[in-house]
**Student:** 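Have a look at this one.
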Amino acid sequence: MLKQQMLYEGKGKKLFATDDMDLVIAEFKDDLTAFNAEKKGNEAGKGELNCQISTILFELLEKNGIKTHFVKRLDVQNMLCKKVSIIPIEVVVRNIATGSLTKRLGIPEGNVLSQTLVEFYYKDDALGDPLINDEHCKILSIVSDDRDLEFLKSQARQVNAVLKDFFDLKNLRLVDFKLEFGRDKDGHIILADEISPDSCRLWDKQTNEKLDKDRFRQDLGSVKVAYEEVLKRISK
Ligand code: UDP
């Protein structure tokens, strides 16, 4: 597979064209950003870890019937993916209150939610990725009808069910995470982007130690050491 011109550079990945029109290569970067890129950093090796963690999780989801853009991992830092057109919604799934949820609604940090919460945020850096509801999605023409929104929500819940049980076996609590979906060449909605400690909150089951990007957000110590621990646990 030939890596050709760069199509796009995001905060966590670069996307490259390939010699197949329907496939792209995602190169995972070592850069770290938080608070809408107001805080920036970099840790050598972080990209490789996220590429490996994402590979394990996409393979797990595919095995459980979730359609994703993942094709295969090419090497430590590069993943071959189906080309999709990203739907500009960040789908956030929450099991435990923390982060913006506690700030917005005053739910105490660490409270287990009485039911899984699925939220939509409008993927727009200039607007600061605002929280939106189903009606906003339609007014903004992000999706054409309710069926797509219901599909996104049900996919997100299924992903949560698979990942939560999997992480639980690895002694990790899946606190919350963000998903992105895209449309493939046939117009089907499939899971895209990445699933890694950059986009998930993972706490150790016994100690609640944070093993995710909150270490960077809150200056809690090495991101790489934590992501290595996550990879070690889920590789077993
Ligand atoms: N998240 C993400 N990218 C974003 C915003 C959030 O990956 O642009 C993830 C974040 O890592 C967490 C979940 O989505 O796992 C919920 O984040 P929250 O809304 O609490 O945002 P934050 O606390 O980062 O402001």
Side-chain angles (χ1 to χ4, degrees), residues 8-13 26 28-41 43 46-47 49-51 53-54 57-58 61 68-69 86-113 115-133 136 142 152-153 155-157 159-160 162-164 166-168 172-182 191-204 208-220 223-224 226-227 230 234:
Y8 168 80
E9 178 162 8
K11 291 179 207 134
K13 292 181 295 303
F28 286 67
K29 304 199 309 183
D30 290 336
D31 294 344
L32 285 152
T33 61
F35 314 120
N36 205 8
E38 273 168 37
K39 179 169 179 167
K40 292 194 175 88
E43 242 185 88
K46 193 268 304 185
L49 289 161
N50 276 355
C51 184
I53 293 168
S54 271
L57 299 178
F58 278 134
L61 292 171
T68 79
H69 72 158
I86 289 286
I87 298 169
I89 301 180
E90 298 195 336
V91 182
V92 168
V93 181
R94 301 177 186 271
N95 297 305
I96 296 173
T98 189
S100 69
L101 185 69
T102 56
K103 285 190 209 112
R104 199 169 49 245
L105 299 182
I107 303 173
E109 165 90 13
N111 268 27
V112 177
L113 301 178
Q115 59 182 69
T116 300
L117 175 63
V118 178
E119 297 173 328
F120 293 147
Y121 292 82
Y122 185 31
K123 215 171 122 61
D124 185 314
D125 285 339
L127 297 175
D129 296 343
L131 178 68
I132 51 174
N133 66 19
H136 295 119
I142 298 173
L152 292 178
K153 287 183 210 169
Q155 287 293 105
R157 288 183 194 281
V159 169
N160 184 51
V162 173
L163 294 185
K164 206 169 146 226
F166 175 74
F167 282 122
D168 188 65
L172 291 164
R173 300 171 86 191
L174 179 60
V175 174
D176 58 26
F177 57 95
K178 183 261 306 181
L179 300 174
E180 293 186 26
F181 293 84
L191 183 62
D193 194 43
E194 68 183 270
I195 310 178
S196 73
D198 271 5
S199 59
C200 302
R201 287 194 174 99
L202 295 164
W203 295 354
D204 178 83
N208 280 337
E209 185 188 4
K210 296 178 200 286
L211 297 170
D212 55 62
K213 202 167 85 172
D214 273 350
R215 292 171 79 97
F216 171 69
R217 293 189 187 98
Q218 301 169 14
D219 297 313
L220 299 176
V223 160
K224 196 179 161 216
Y227 290 22
V230 170
I234 67 171

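Only this structure's heavy atoms are used, side chains among them; waters, hydrogens and symmetry mates stay out. These figures come from a predicted structure and were not determined experimentally. One-based numbering, in listed order, for ligands and for the atoms of each.
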**Student:** Is there a polar contact between ligand 1 and K103, counting only N or O atoms under 3.5 Å apart?
**Tutor:** no
**Student:** So F28 and S196, side-chain contact (heavy atoms from CB on, under 4.5 Å) or not? Walk me through it.
**Tutor:** CA-CA 11 Å; F28 286 67; S196 73; 5.7 Å; no
**Student:** Could you check atom 10 (C) of ligand 1 against the protein and tell me its nearest heavy-atom contact, residue, atom and distance included?
**Tutor:** R217 NH2, 3.5 Å
**Student:** Could you list the atoms of ligand 1 found under 4.0 angstrom from a heavy atom of R94?
**Tutor:** 16 (C), 18 (P), 19 (O), 20 (O)
**Student:** Could you check atom 12 (C) of ligand 1 against the protein and tell me its nearest heavy-atom contact, residue, atom and distance included?
**Tutor:** D176 OD1, 3.1 Å
**Student:** Going by atom types only, do N160 and N95 share a side-chain donor-acceptor pair under 3.5 Å?
**Tutor:** yes
**Student:** I'd like to know if V175 contacts ligand 1, where contact means a heavy-atom distance under 4.0 Å to any ligand atom.
**Tutor:** no
**Student:** Of all the atoms in ligand 1, which lie at a distance below 4.0 Å from a heavy atom belonging to V92?
**Tutor:** 14 (O), 16 (C)
**Student:** Give the atoms of ligand 1, by number and element, whose distance to some non-hydrogen atom of C200 is under 4.0 Å.
**Tutor:** 15 (O)
**Student:** Is it the case that the side chain of R94 and the backbone of E119 share a donor-acceptor pair, with hydrogens and angles ignored and the cut-off at 3.5 Å?
**Tutor:** no
**Student:** Quick check on contacts: which atoms of ligand 1 are under 4.0 angstrom from a heavy atom of Y121?
**Tutor:** 19 (O)
**Student:** With K13, which residues qualify under side chain to side chain donor-acceptor pair (under 3.5 Å), at least two apart?
**Tutor:** D193, E194
**Student:** List every atom of ligand 1 that sits less than 4.0 Å from any heavy atom of D198, numbering the atoms from 1 in the order shown and giving each element.
**Tutor:** 7 (O), 11 (O)
**Student:** Sub-3.5 Å donor-acceptor pair from the side chain of R215 to the main-chain atoms of K210, do we have one?
**Tutor:** yes
**Student:** Using a 4.0 Å cut-off to any heavy atom of E90, which atoms of ligand 1 qualify?
**Tutor:** 4 (C), 5 (C), 8 (O)
**Student:** Who pairs with K29 by side chain to side chain donor-acceptor pair (under 3.5 Å), at least two apart in sequence or on another chain?
**Tutor:** E9, D31
**Student:** State the atoms of ligand 1, each with its element, that fall below the 4.0 Å cut-off from a heavy-atom position in G99.
**Tutor:** 20 (O), 23 (O)
**Student:** Run down the list A37, S100, S196 and name the one with the heavy atom closest to atom 18 (P) of ligand 1.
**Tutor:** S100
**Student:** Checking a contact table here: which protein heavy atom is nearest atom 1 (N) of ligand 1, and how many Å away?
**Tutor:** K178 CB, 3.7 Å
**Student:** Take atom 5 (C) of ligand 1 and look for protein heavy atoms under 4.0 Å from it; say yes if you find one, no if not.
**Tutor:** yes
**Student:** Under the 3.5 angstrom rule, does the side chain of D212 hit a backbone N or O of L202 as a donor-acceptor pair?
**Tutor:** yes
**Student:** Report the residue from K11, K213, K46 that forms a salt bridge (charged side-chain N to carboxylate O under 4.0 Å, His left out) with D198.
**Tutor:** K46
**Student:** Please confirm whether R201 comes under 4.0 Å of ligand 1, counting heavy atoms of the residue only.
**Tutor:** yes
**Student:** Where the side chain of S54 meets the backbone of I195, is there a donor-acceptor pair that is under 3.5 Å apart?
**Tutor:** yes
**Student:** Show, in sequence, the C-alpha distance, side-chain angles and deciding distance for I132 and Y121, and conclude whether the side-chain contact (heavy atoms from CB on, under 4.5 Å) test is met.
**Tutor:** CA-CA 5 Å; I132 51 174; Y121 292 82; 5.7 Å; no
